Amino acid sequence: MTEQLLPLAVWVQLTGGDIRSRVRRAWDDRYEEDGVDEAVTKMIWLAVGIVVALAATAFFMTKFNQAKNSVPDPVAP
């Protein structure tokens, strides 16, 4: 790299890094502001998870009881 282009390259690198850090900081600040709105979404997903867990438990209990009824009682030899 020639001596005339070196200061320009350094300036571009520093400016790019500064812009990148400002954008990252703005993104992080915006992400922190969504905490109140995000709480409702988290509660909805929690309720969906609980419903799915209850449905899975009911399904497996039904299948277990059906299988338990299908097994014959042991008979002594």
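Counting from 1, the numbers follow the sequence of the chain as shown. Please read these numbers as outputs of a predicted model, since none were measured by experiment.
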Which atom pairs, donor and acceptor, lie under 3.5 Å between side-chain atoms of residues 13-22 and protein residues at least two apart or in another chain?
from, atom 1, to, atom 2, distance (Å)
Thr15, OG1, Trp11, O, 2.8
Asp18, OD2, Arg22, NE, 3.4
Ser21, OG, Gly17, O, 3.3
Ser21, OG, Asp18, O, 2.8

Side chains of residues 67-77: which donor-acceptor pairs under 3.5 Å do they make with residues two or more places apart or in other chains?
from, atom 1, to, atom 2, distance (Å)
Asn69, ND2, Asn65, O, 3.2
Ser70, OG, Gln66, O, 3.0

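Under the rule for a side-chain contact (heavy atoms from CB on, under 4.5 Å), the partners of Ile50 that lie at least two apart in sequence or sit in another chain are Leu46, Leu54.
When hydrophobic residues (I, L, V, M, F, W, Y) are linked wherever their side-chain heavy atoms come within less than 4.5 Å, the members clustered with Phe60 are Phe59. In this structure, Met61 stands alone, with no Ile, Leu, Val, Met, Phe, Trp or Tyr side-chain heavy atom under 4.5 Å from its own, directly or through other members.
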